[in-house]
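Structure record follows, encoded as structure tokens.
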Amino acid sequence: MTSPRVRFAPSPTGSLHVGGARTALYNWLFARRHSGIFVLRIEDTDVERSRRELTDQILDAMTWLGLTWDEGPYFQSERSAIYAAAAGRLLAEGRAYRAFETADELEAARKAAEAAGKVYRYGGSGRSLPREESDRRAAAGEKFVIRLRMPDEPIVVQDAVQGRAEFLPDALDDFILVRSDGNPVYHFTVCVDDVEMGITHVIRGVDHLPNTPKHVALFRALGAEPPVFAHLGMILGPDGKKLSKRHGAAGAEEFRAAGYLPEALVNFLALLGWSPGEDRERMSLQEMISLFSLERIGPSPSRFDHEKLTWLNGQFLQAVAPGRLLTLLEPFGLPARDRETLERAVALHLSRCRTLRELAQALRIYGDDPTEFEAAGMKKFGKPELMTSLRALASRLAAVEPFAHAKMEDVARALAAETGVSLGSLAQPARLALTGSLASPPLFEMIEVLGKETTLRRILAFADRIEGRAGAS
RNA sequence: GCCCCCAUCGUCUAGUGGCCCAGGACGCGACCCUUUCAAGGUCGAGAUCGCGGGUUCGAAUCCCGCUGGGGGUACCA
């Protein structure tokens with residue numbers, strides 16, 4: 001393959017959702033795999049709905065994901081002259097024509113057809129209007145749209161993913177290229193741009209498949225060979241319905257905010273519809289590039305499995321260099337401790353967390369003393385009769401110097417043996433006192449990082465609290 | 001309504017006529033490790049390959065129909 005050119009063409013009417021992110025990824029992967037060019041084009045011809053800040057947000061998300069573009073971003077809103085010229089050419093060549101029906105007239109005709117139970121098709125007079133009359137009416141200032149003269153033969157779309165689809169001429173209308181206000185319509189700008197930008201492969205969602213025959217006809221009218229099409233199956237929510245905010249996070253930015261790593265999201269998205277074979281699951285971008293091919297993309301829709309993403313994220317999280325981890329954690333808030341303490345704490349909690357957010361949350365115990373204690377734990381270990389040995393543990397811990405976990409454990413085991421209690425009935429109340437929870441890293445390693453002062457303070461406060469409560473009731 | 005697409009464990013998928021009474025991963029269960037929770041390791045349950053017809057010596061793999069799901073049908077993208 002000689003240097004393909006692909007593009008990602010989002011319209012800034014929303015943020016980058018996972019479907020779009022996956023489309024961008026596949027285009028990017030394809031370009032990188034074949035040393036091609038990845039073009040970014042912003043389809044903002046719908047002035048009403050397009051917003052500049054959404055464009056910025058999309059670019060941010062792509063940068064975050066590592067999907068860097070080689071050309072662009074081009075803005076369709078800045079390319080009106082190109083579309084106007086193309087429309088003029090088509091008109092002059094008779095491949096397109098003016099139609100003078102108003103939107104209201106068309107609406108009425110559509111309604112009438114529906115009421116009669118018939119399939120609506122554009123049946124206006126524009127198609128057969130003599131050139132001179134068309135020119136005259138346009139010159140007189142009459143409003144018109146420009147429509148494409150569709151060929152009267154079937155159009156076959158040979159799709160790299162979906163296979164062959166044939167569309168009969170009856171199903172294809174002379175669709176509008178340019179609105180009566182002079183603004184070009186999506187189908188038109190896409191094709192003009194794809195031709196103009198030399199796009200060789202169009203990789204996009206299947207929702208565009210039914211539009212593809214229009215595009216094929218348009219490419220031909222424009223005098224260009226249609227590109228190779230590859231239509232990707234939809235990404236559905238866990239319930240099989242269209243993925244939306246209703247299913248939780250659906251935008252790349254939301255996953256970022258929820259503490260997901262870009263490499264995990266990208267890996268997960270890559271596997272949604274594409275498989276490298278050989279049971280490969282975890283891959284770096286580089287590996288994906290070398291393995292990627294259109295042939296291995298499946299045609300069926302897939303559901304977004306949040307659980308698997310989270311698992312993958314956990315996998316990637318474990319692999320992040322410890323130094324980089326604190327930087328990544330910063331936006332999620334870190335307790336006011338020195339860097340070394342934080343790094344030791346991270347090392348202790350990393351394997352217990354699957355997202356940055358979870359990790360940051362876990363690290364909070366190195367900041368403020370716990371004020372809430374989990375109910376199940378209190379019921380089991382918040383008993384006054386356990387406080388005696390807990391206090392004993394505290395006083396033995398106070399004597400440990402240097403404050404190292406191996407020594408603490410020896411001391412604790414000795415205490416347990418002497419008093420005939422299990423290590424667990426010593427450790428669990430301590431864990432509760434120190435973290436408010438029954439789940440934590442190995443107790444003494446955590447205590448070492450927490451520090452002697454904090455440890456003793458929390459244990460004593462907890463014992464006071466339990467005994468005080470018992471005395472009051 | 002009409003047009004188009006899709007259909008393998010709950011989910012993502014491998015599989016392109018015999019290697020498959022279907023492999024991997026997530027999730028789930030059990031066990032090991034263990035002061036708790038994870039991580040990790042081992043094992044396991046889980047799919048008559050949506051249904052019904054063909055074609056073939058032989059079909060998850062090819063063909064047809066049905067059913068189910070999705071998408072499109074705009075002077076939206």
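What's counted below: heavy atoms across the whole structure, side chains too, no hydrogens, waters or symmetry copies. Note on naming: letters A, B, ... go to the chains in the order of the sequence lines (proteins, then strands), and numbering restarts at 1 for each one.
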Tell me whether [X] is salt-bridged to [Y], with the criterion being a basic N under 4.0 Å from an acidic carboxylate O.
X: A/Arg127; Y: A/Asp174; value: yes
X: A/Glu278; Y: A/Arg280; value: no
X: A/Glu287; Y: A/Arg282; value: no
X: A/Glu445; Y: A/Arg344; value: no

What interatomic distance, in whole Å, is found between [atom1] of [M] and the corresponding atom of [N]?
N: B/A77; M: B/G71; atom1: C1'; result: 15 Å
N: B/C3; M: B/U8; atom1: P; result: 25 Å
N: B/C6; M: B/U48; atom1: P; result: 23 Å
N: B/A30; M: B/C64; atom1: C1'; result: 47 Å
N: B/C20; M: B/G15; atom1: P; result: 15 Å
N: B/C51; M: B/A60; atom1: P; result: 11 Å
N: B/A47; M: B/G10; atom1: P; result: 7 Å
N: B/C57; M: B/A74; atom1: P; result: 50 Å

Gap between atom CD of A/Glu409 and atom NZ of A/Lys407 - 0.5 Å precision: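 It comes to 12.5 Å.
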
Straight-line distance of A/Leu285 CG to A/Asn267 CG, nearest 0.5 Å: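 That separation rounds to 8.5 Å.
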
When the side chains of residues 354-367 of chain A are checked against the rest of the protein, which donor-acceptor pairs come out under 3.5 Å, sequence neighbours left out?
unit_1: A/Thr355; atom_1: OG1; unit_2: A/Glu358; atom_2: N; d: 3.1
unit_1: A/Glu358; atom_1: OE1; unit_2: A/Arg354; atom_2: N; d: 3.0
unit_1: A/Tyr366; atom_1: OH; unit_2: A/His349; atom_2: NE2; d: 2.8

Test item: A/Thr454 side-chain N/O and A/Gly451 main-chain N/O as donor-acceptor pair under 3.5 Å: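 No; zero donor-acceptor contacts below 3.5 Å.
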
Heavy-atom pair of closest approach, residues A/Ile466 and A/Gly382: CG2-O, 3.3 Å

Just name whichever nucleotide pairs with [N], Watson-Crick or G-U, keeping both distances under 3.5 Å, else none.
N: B/C33; value: none
N: B/U48; value: none
N: B/C20; value: none
N: B/G10; value: B/C26
N: B/G1; value: B/U73
N: B/A59; value: none

Check: A/Tyr186/A/Gln76 side-chain N/O donor and acceptor closer than 3.5 Å: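 The answer is no; no qualifying pair exists.
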
Distance below 4.0 Å between A/Thr310 side-chain N/O and B/C26 OP1 or OP2: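 No, no such contact exists.
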
Could you tell me the separation between the [atom1] atom of [X] and the [atom2] atom of [N], rounded to a whole number of Å?
X: A/Arg303; N: B/C12; atom1: CZ; atom2: C1'; answer: 11 Å
X: A/Gln158; N: B/C5; atom1: CD; atom2: P; answer: 11 Å
X: A/Phe268; N: B/C26; atom1: CZ; atom2: C1'; answer: 9 Å
X: A/Leu291; N: B/U13; atom1: CG; atom2: P; answer: 16 Å
X: A/Ile297; N: B/G15; atom1: CD1; atom2: P; answer: 13 Å
X: A/His215; N: B/C4; atom1: NE2; atom2: C1'; answer: 14 Å
X: A/Asn313; N: B/C26; atom1: CG; atom2: C1'; answer: 14 Å
X: A/Asp170; N: B/C4; atom1: CG; atom2: P; answer: 11 Å

Geometric class of the A/Phe304/A/Phe268 ring pair [parallel <30°, tilted 30-60°, perpendicular >60°]: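 Aromatic pair A/Phe268/A/Phe304 classed perpendicular.
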
Where protein sits on nucleotides 70-77 of chain B, one letter per nucleotide: B base, S sugar-phosphate only, - none, heavy atoms under 4.0 Å: SBS-SBBB

Base versus backbone protein contacts along nucleotides 30-46 of chain B [heavy-atom cut-off under 4.0 Å; B, S, -]: -----BBBBSS------

Mind checking [X] for me? I need base, sugar-phosphate or nothing, with any heavy atom below 4.0 Å counting as a touch.
X: A/Arg121; result: nothing
X: A/Phe167; result: sugar-phosphate
X: A/Gly314; result: nothing

Under 3.5 Å donor-acceptor pair, A/Glu281 side-chain atoms to B/G24 base atoms: yes

Given RNA chain B, 5'-ward residue of the pair A/Asp279 and A/Asp305, judged by closest heavy atom: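 Nearest-nucleotide comparison on RNA chain B picks A/Asp305.
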
Min side-chain heavy-atom separation A/Leu329-A/Val346 under 4.5 Å: yes

